[in-house]
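Below is one structure, written out as structure tokens; the observations come after it.
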Number of protein chains: 2
Amino acid sequence: MSAPTIYDIAARAGVGIATVSRVINGSRRVSDHTRKAVQKAMADLGFRPNHAARRLAAGVPNRPRVVALMPFFTTAFYFTVCKALSETLSAADMDLVLVDVRDQQEADRHLDRLIAERSSEGVVLCSMDISDERRSQFETLNLPIVALDCNTKTIPHVAVDNVEGGRMLSRHLSECGSTHQALIIGTRGAEVFRDRERGFREVCPAGSRVFETETVDIERGEEVLEQLLAEFPEVDGIACAGDTLAVGVLQGLRKRGRRVPEDVQVLGFDDQPMMDVLGISTVHQPMSEFGRWAAESIIELIKDPNATPRPSALLDLTLIPRQTTALPGKVPGR
Amino acid sequence: MSAPTIYDIAARAGVGIATVSRVINGSRRVSDHTRKAVQKAMADLGFRPNHAARRLAAGVPNRPRVVALMPFFTTAFYFTVCKALSETLSAADMDLVLVDVRDQQEADRHLDRLIAERSSEGVVLCSMDISDERRSQFETLNLPIVALDCNTKTIPHVAVDNVEGGRMLSRHLSECGSTHQALIIGTRGAEVFRDRERGFREVCPAGSRVFETETVDIERGEEVLEQLLAEFPEVDGIACAGDTLAVGVLQGLRKRGRRVPEDVQVLGFDDQPMMDVLGISTVHQPMSEFGRWAAESIIELIKDPNATPRPSALLDLTLIPRQTTALPGKVPGR
DNA sequence: CTGTTAGCGCATTCAT
DNA sequence: ATGAATGCGCTAACAG
């Protein structure tokens with residue numbers, strides 16, 4: 001059986017629908033007695049007013065909603081993205097609906113739902129791509145969609161060149177005198193990591209090694225470090241394809257009495273909040289710009305469904321040297 | 001004039017509304033010619049399909065939305081809260097819409113809107129209270145509302161005892177041997193800071209000082225430190241009513257060559273992410289529990305509007321000693 | 001105080 | 001391929 005409506009309530013309470021509507025809306029023009037009766041009927045039937053109907057009948061304006069699918073909890077990277085998204089969207093009087101997505105499967109589930117429900121005016125994909133087939137679903141529905149931190153061919157996006165990012169990692173390490181380099185990446189299931197690995201391999205010294213880890217967090221950083229040190233004891237430069245890993249590596253190194261950057265240099269990726277305070281050298285990603293670009297694009301698309309989407313943007317990555325790497329001459333005795 | 005409907009489009013394009021509906025939904029049973037005409041009409045009039053009407057007509061189920069009002073960007077405290085909120089809500093198949101709120105005025109604006117639009121099934125207030133009058137608006141609308149990190153009398157909430165938190169700050173500093181204590185708080189406009197100040201003053205040594213800052217960030221921490229050092233040079237223990245301030249203070253202290261904790265001890269509040277890595281002693285707030293409790297409560301209330309809200313919860317604060325404070329005997333020479 | 005009625009904007013048969 | 005009619009669940013006059 002489907003959800004009860006005010007007609008069901010009215011019938012059960014022996015009143016008219018207007019009365020039901022009145023108690024729902026807290027009108028005081030209802031006798032205490034009938035109010036109780038209606039409330040009881042609602043409780044009995046587990047009544048919940050239909051949102052869409054209320055809005056439609058009340059004639060309230062449509063506040064556009066954009067839903068953002070994001071692997072929200074993996075790293076603080078998304079905190080900054082989120083911030084920019086929210087600010088830009090709210091300035092345009094739109095709502096931000098956050099959907100936490102852990103894997104492709106979950107993403108697809110939500111995408112299906114979004115298409116079926118048509119419950120949003122736009123969607124922002126964070127660090128994930130979609131199939132061409134799905135892309136065309138959005139196309140025919142005229143439902144705007146953009147991506148951030150993802151180099152997809154099918155939808156408007158803002159991204160960085162992660163292959164170049166990988167190169168930057170190794171180059172900086174080399175400039176700092178490292179000759180035995182290691183790279184730690186997250187799952188190769190993610191394109192960003194594959195790209196960074198590729199770039200790294202292109203320019204790294206012979207004999208360099210790459211390590212993969214499924215999850216990206218501080219603990220895993222320490223664990224991978226242990227393995228890395230065992231298999232590759234001569235390492236003198238560790239690049240991490242994520243700041244969180246770098247933090248773990250740094251901690252592990254210090255526990256083992258290895259000096260940073262004298263014995264081993266450490267380099268992160270993202271430039272998440274607090275990395276400056278921690279003094280971790282890293283490759284800065286334009287997180288706020290990601291969020292802002294995506295929000296602005298989707299806003300334009302929503303406001304004018306026939307507008308041509310702004311061309312995809314490729315933003316710059318910047319290497320930020322701090323205390324965990326040392327350019328020649330910067331550290332005494334090196 | 002109000003927003004154009006499919007009737008307007010139909011009239012302008014010289015077709016029936018069914019046809020308009022077809023092109024909106026990407027049906028292929030429309031001739032190319034009429035499709036173009038309709039699309040042009042839509043573009044000309046800036047047509048945007050009405051959400052509520054689509055859902056109502058399509059009979060899609062009501063996916064409950066809960067909107068969270070939060071001072072989202074002030075600190076990473078809210079990132080963790082957000083995480084828990086989102087996880088719990090999504091497990092219950094509800095959407096989380098995030099609304100960034102900077103001040104009371106903005107909060108009221110959104111609250112008014114929420115009430116007028118009835119656009120959500122529940123609302124979560126983060127670190128903010130509402131007037132009794134407004135509370136009764138929610139009451140009569142039967143719109144569930146809960147609060148987190150706020151000790152309000154009028155709505156179900158989860159919170160901590162910030163007065164006790166303030167005491168913990170001073171007590172720990174005292175235990176660590178500090179006799180000239182300072183407290184840095186955010187704006188007294190926020191109750192949490194007033195409470196922490198009150199607790200601190202209750203137990204702090206005579207001659208202790210309290211400093212207020214409007215905004216809470218790292219830079220401000222450094223700035224306030226400067227002022228503090230100038231006015232209160234004999235200080236040997238600085239408590240901050242927020243980790244972010246503590247980070248700034250710590251940086252400032254190190255720049256000035258003051259040793260921590262030997263010369264001056266530093267204590268934060270919140271236990272935000274990365275504080276463990278930074279080794280900052282702090283008072284741990286149960287951020288995830290805040291989020292989970294609020295989400296679970298609101299879910300219950302939404303699922304059964306006639307349920308009695310779960311009783312408000314007062315969670316424990318925990319002092320976490322790390323490297324910026326030192327219990328007697330923990331630091332050589334102290 | 002309460003019931004009747006007429007839309008809200010759109011998707012959807014059912015005709016044509 | 002396209003149009004007319006019906007109803008989604010509810011609110012808001014308008015009567016009584």
Side-chain angles (χ1 to χ4, degrees), chain A residues 1-38 41-42 45-64 115-119 121 140-143, chain B residues 1-39 41-42 45-63 115-119 121 140-143:
Chain A
M1 59 171 245
S2 62
T5 72
I6 53 173
Y7 287 92
D8 302 318
I9 305 300
R12 194 171 218 277
V15 301
I17 61 164
T19 301
V20 176
S21 178
R22 288 191 189 96
V23 348
I24 290 174
N25 293 291
S27 163
R28 297 186 312 137
R29 305 196 160 287
V30 184
S31 75
D32 260 21
H33 181 257
T34 51
R35 160 170 298 127
K36 298 262 194 259
V38 171
M42 297 200 298
L45 270 42
F47 172 81
R48 279 183 30 204
N50 180 303
H51 212 184
R54 294 185 88 167
R55 293 177 54 112
L56 181 55
V60 302
N62 246 356
R63 188 175 164 95
I115 289 174
E117 295 182 1
R118 293 154 173 58
S119 51
E121 341 281 330
T140 61
L141 282 184
N142 210 353
L143 210 189
Chain B
M1 63 174 242
S2 62
T5 73
I6 52 173
Y7 288 93
D8 302 318
I9 305 301
R12 194 170 220 276
V15 301
I17 62 165
T19 300
V20 176
S21 179
R22 288 191 187 94
V23 348
I24 290 174
N25 293 290
S27 162
R28 296 185 313 138
R29 304 195 161 288
V30 183
S31 75
D32 259 22
H33 180 258
T34 51
R35 173 188 318 268
K36 298 261 193 261
V38 171
Q39 286 179 329
M42 295 200 298
L45 269 44
F47 172 79
R48 278 183 27 205
N50 180 302
H51 231 156
R54 295 186 86 166
R55 295 180 56 115
L56 180 56
V60 305
N62 248 351
R63 187 176 163 94
I115 289 173
E117 295 182 2
R118 292 152 172 60
S119 51
E121 340 282 329
T140 61
L141 282 184
N142 209 356
L143 210 191

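What's counted below: heavy atoms across the whole structure, side chains too, no hydrogens, waters or symmetry copies. All figures in this text were calculated on a predicted structure; none of them were measured in a lab.
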Salt bridge (charged side-chain N to carboxylate O under 4.0 Å, His left out): which pairs involve residues 7-30 of chain B, sequence neighbours left out?
B:R12-B:D44
Rounded to the nearest angstrom, tell me the gap between atom [atom1] in [X] and atom [atom2] in [N].
{"X": "B:R29", "N": "C:dA11", "atom1": "CZ", "atom2": "P", "result": "17 Å"}
{"X": "B:H33", "N": "D:dA1", "atom1": "NE2", "atom2": "C1'", "result": "13 Å"}
{"X": "A:R35", "N": "C:dT2", "atom1": "CZ", "atom2": "C1'", "result": "13 Å"}
{"X": "B:F47", "N": "C:dC10", "atom1": "CZ", "atom2": "C1'", "result": "8 Å"}
{"X": "A:R55", "N": "D:dA12", "atom1": "CZ", "atom2": "P", "result": "14 Å"}
{"X": "B:I24", "N": "D:dT2", "atom1": "CD1", "atom2": "P", "result": "15 Å"}
{"X": "A:N50", "N": "C:dC8", "atom1": "CG", "atom2": "P", "result": "18 Å"}

Would B:T5 and B:N50 count as a side chain to side chain contact (heavy atoms under 4.5 Å, CB included) if you check the C-alpha gap in whole Å, the side-chain angles of each, and the deciding distance to 0.1 Å?
CA-CA 8 Å; B:T5 73; B:N50 180 302; over 6 Å; no
Partners meeting side-chain hydrogen bond (donor to acceptor under 3.5 Å, both in side chains) with A:S31 (sequence neighbours left out)
A:T34
Remember a base hit wins even if backbone is also touched, and classify B:R54 as base, sugar-phosphate or nothing at under 4.0 Å, heavy atoms.
sugar-phosphate
NA contact type, B:T5, heavy-atom cut-off 4.0 Å: base, sugar-phosphate, or nothing?
sugar-phosphate
Please produce a list of atom pairs where a protein N or O lies less than 3.5 Å from an N or O of nucleotides 3-7 of chain C.
| residue | atom | partner | partner atom | Å |
| --- | --- | --- | --- | --- |
| C:dG3 | OP2 | A:G16 | N | 2.8 |
| C:dG3 | OP2 | A:T19 | OG1 | 2.6 |
| C:dG3 | O6 | A:R22 | NH2 | 2.5 |

By side-chain contact (heavy atoms from CB on, under 4.5 Å) - contacts of A:A57 (at least two apart)
none
Go through the structure and list residues passing side-chain contact (heavy atoms from CB on, under 4.5 Å) with A:S21, not counting sequence neighbours.
A:N25
Short side-chain N/O contact from B:T34 to OP1 or OP2 of D:dT2, under 4.0 Å
yes
Using only side-chain N and O atoms of A:S31, determine if any of them is under 4.0 Å from OP1 or OP2 of C:dC1.
no
Nearest 0.5 Å please: distance from the CZ atom of A:R48 over to the CD atom of B:E121.
6.0 Å
Looking only at C:dC1, D:dA1, D:dC10, the nucleotide nearest the A:I6 side chain is D:dC10
Distance-minimising heavy-atom pair for [X] and [Y]:
{"X": "B:R54", "Y": "B:P49", "answer": "NH1-CG, 3.5 Å"}
{"X": "A:V15", "Y": "A:V20", "answer": "CG2-CG2, 3.9 Å"}
{"X": "B:I24", "Y": "B:M42", "answer": "CG1-SD, 4.1 Å"}

Helix axis bend for the helix from C:dC1-D:dG16 to C:dT16-D:dA1 - C1'-based end axes, five pairs, 10° rounding
30°
On DNA chain D, check which nucleotide each of B:A53 and B:D32 is closest to and give me the residue with the more 5' one.
B:D32
